There are 2 protein chains.
Amino acid sequence: MADKVTIADVARVAGVSRQTVSNVLNTPDVVREETRRRVLDVVGELGYRVNRAARQMRTGRSQLIAIRIDPDRDGINGSVLDRFLHGLTDSAARAGYRVLLYTADDDRSEVATFEDLLGAYEPDGFVLTGTHHRDPRASWLLDKGVPFVTFGRPWGEEATTRHPWVDVDGSAGTAAATRHLLDAGHTHIGFLGWPAGSGVGDDRRAGWVRALAGAGVDPTGLSRATSDAVADGEAAARDLIDSDPGVTALVCVSDSLAVGALHAARSPGLAWREEDTRPDLPIAVIGFDDTPVAKAVGLTSLSQPLKEAAANCVTLLARILEGTETARASAASPAHVLLEPSLVIRQSA
Amino acid sequence: MADKVTIADVARVAGVSRQTVSNVLNTPDVVREETRRRVLDVVGELGYRVNRAARQMRTGRSQLIAIRIDPDRDGINGSVLDRFLHGLTDSAARAGYRVLLYTADDDRSEVATFEDLLGAYEPDGFVLTGTHHRDPRASWLLDKGVPFVTFGRPWGEEATTRHPWVDVDGSAGTAAATRHLLDAGHTHIGFLGWPAGSGVGDDRRAGWVRALAGAGVDPTGLSRATSDAVADGEAAARDLIDSDPGVTALVCVSDSLAVGALHAARSPGLAWREEDTRPDLPIAVIGFDDTPVAKAVGLTSLSQPLKEAAANCVTLLARILEGTETARASAASPAHVLLEPSLVIRQSA
DNA sequence: TAATTCGTCTTGAACGTTCAAACCCACGGA
DNA sequence: TCCGTGGGTTTGAACGTTCAAGACGAATTA
């Protein structure tokens, strides 16, 4: 029912032309102080709001940032993206953008969605998550000259400098976790990770290796790799503990695996139960991502600064969109932000 | 770089006028079969996509559905909204809509955001979550005649018929959970809930009362109310168990409280430990929402059909937007959908 | 004094689409 | 023969904004 207030209405009431009103809003420095105030008064009085669709027609800018929302894969880590999403929406709003969602089942269908969105809604830019080696989505966007930022490093070396990205330093996190355990007196510290080949997983493992090396501990035989499920984590933890009963602590690549490790540690298998001397919490466990699950079960975990990461994504994207630099120019010298995770200490370690 | 292809391009190539192309896309029945095919061929060939901004200028329709994304409050239940959001994005896309996100700290700032969004992006409709008694957001939207659907019943009676809504039948869920426990031989079944006054909480409690009544059990003294945090749940569970040691099972209003109850059940307080005769799992516990946490700790819980709920929201909203009925007309006889949760049985019960 | 520059403001056009109205032509009935 | 009808198509205008160009007066310069 709210009768639309257009720029022409404002102009009429303020006694100026449409263009002057437009100038007041977009290039205030070009208009006389007194006129500007008068126009702004009328704007407030009438409750005028610029119509994005009309502006988009003229400028080609939609003030929309598109991002994919995943189905929660394993369930536990799903919440990480969601927290990021909230931060993104918040930061984007502050910068004058809104977040548009889309879904896609795989990289190919996501690229198809790019075409769809760009043709219809014309989002100004994209935020890509879950990047991986030779990501076809990034190459497609680069190819088309569409502005985008990734949350996650480009893991293939060759692409390392071709687009801006924000990431959290996983190896710094696991190194800090390992040092925390070393400081607590542990020496035999194991690692539960994913199979080699995933950038994120390999990076997190590297931090554990580095910290152990710093303390003069040989990591050989102290790690296991498995897929990211609670049951797998439990099995891997059992296997590791069985093969080396001296292990007193575990750093895990994810909270899923860590929860599995907790199960193994707290209600150990029969073979191991005999010699159990610490019935309440025999093995220290540290997870990664500080998910709600970690909070609920008292799991010490590494927390990613998701809000900050999201804010940086918006900043980098806005720099491309608003700066003089084009997407292509910024691809020549893209900006990176690498954030440090923080250790949230709970009962498990 | 993809040079924009407009309706005029298609028209030129197909040898027809702009309007005919528009008709082919919007009112196909008015155009001759042969012409339609020819135009559609050209559309495919050139990869034409209707420009939403231009269409919006003319029709006032943006094909956008706006929804608020919350910060994950307590952390555990946050994922519920996120799963709903994914379903919504998916269903919306199928119906030709996209989902626009916004944040807000409270009802008042959310209403301010309504004004902002309606003035600038002109979303066609809103989906409101977390409705409560005398929700000012709903009244505001009703007042302005803005189409919307709520996920959650209007709990105040007087507003019950004024807008379409989708909800999950909480009392049916807790009743089913209670019956499940009764079938398993439990008779002293307690309830951990929220303080009276919240529509959702009272409803879920009612299901428990109903199921007990059906079995001839008096619920008096068997329930506790507390705020929604793990520690509170643990304390409330201890209190209940201490006061009535005969309690062998607990139905909880949320997974947060249920996880707390599990803590209480599995590592009971000292006073109670003495007489513990079932060391492994003395008390059956059932939660609500089937969050990732439930999955991780083996908690039996009630799962909301979120995907289906989201799909229904889109359907109801689309009916208002596309049907002949206006928002006001549909407010006269709004549609409701009440879905049943399902019990996901795990180790805890 | 005339020409130039500058600051401020206005005017017409354009973005890509759809609405409303007009147009054209074949057909059937009077 | 003429007119009315109706299916199929085209034409001009409009949505609300910003761009590009121009207009006007005052101040500055030649």
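Only heavy atoms go into these numbers, but all of them, side chains included; no hydrogens, no water, no symmetry mates. All figures in this text were calculated on a predicted structure; none of them were measured in a lab. Chain letters run A, B, ... following the sequence lines, proteins first, then strands; residues in each count from 1.
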For this session: Classify the nucleic acid contact of B/T6 as base, sugar-phosphate or nothing, counting any heavy atom under 4.0 Å across all strands shown.
Result: sugar-phosphate
Exercise. Taking for each residue the nucleotide of DNA chain C bearing the nearest heavy atom, is the 5' side occupied by B/S22 or by A/T35?
Worked result: A/T35
Exercise. Is the shortest heavy-atom distance from the side chain of B/E33 to the side chain of B/R38 under 4.5 Å?
Worked result: no
For this session: Output yes when at least one side-chain N/O atom of A/N23 is less than 4.0 Å from OP1 or OP2 of C/dT8, else no.
Result: no
For this session: May I ask you to check whether A/Y121 and B/R49 show a side-chain donor-acceptor distance below 3.5 Å?
Result: no
For this session: Please state whether the phosphate of C/dT10, meaning OP1 or OP2, lies under 4.0 angstrom from any side-chain nitrogen or oxygen of A/T20.
Result: yes
For this session: Provide, to the nearest angstrom, the distance between the CD1 atom belonging to B/I7 and the C1' atom belonging to C/dC15.
Result: 14 Å
For this session: For A/R18, answer base if it contacts any base atom (sugar-phosphate contacts may also be present), sugar-phosphate if it contacts only those atoms, and nothing otherwise; contact means non-hydrogen atoms under 4.0 Å.
Result: base
Exercise. Any donor-acceptor pair under 3.5 Å joining the side chain of B/R58 to the base of C/dT18?
Worked result: yes
Problem set entry | B/A54 side chain, from C-beta outward: closest of C/dC19, C/dT17, C/dT10 | C/dT17
Problem set entry | Donor-acceptor side-chain pairing of A/E308 and A/N312 below 3.5 angstrom | no
Exercise. If you check every side-chain atom of A/V31, which of D/dG16, D/dT18, C/dC9 has the closest atom?
Worked result: C/dC9
For this session: For the pair A/T20 (side chain) and A/V16 (backbone), establish whether a donor and an acceptor sit closer than 3.5 Å, ignoring hydrogens and angles.
Result: no
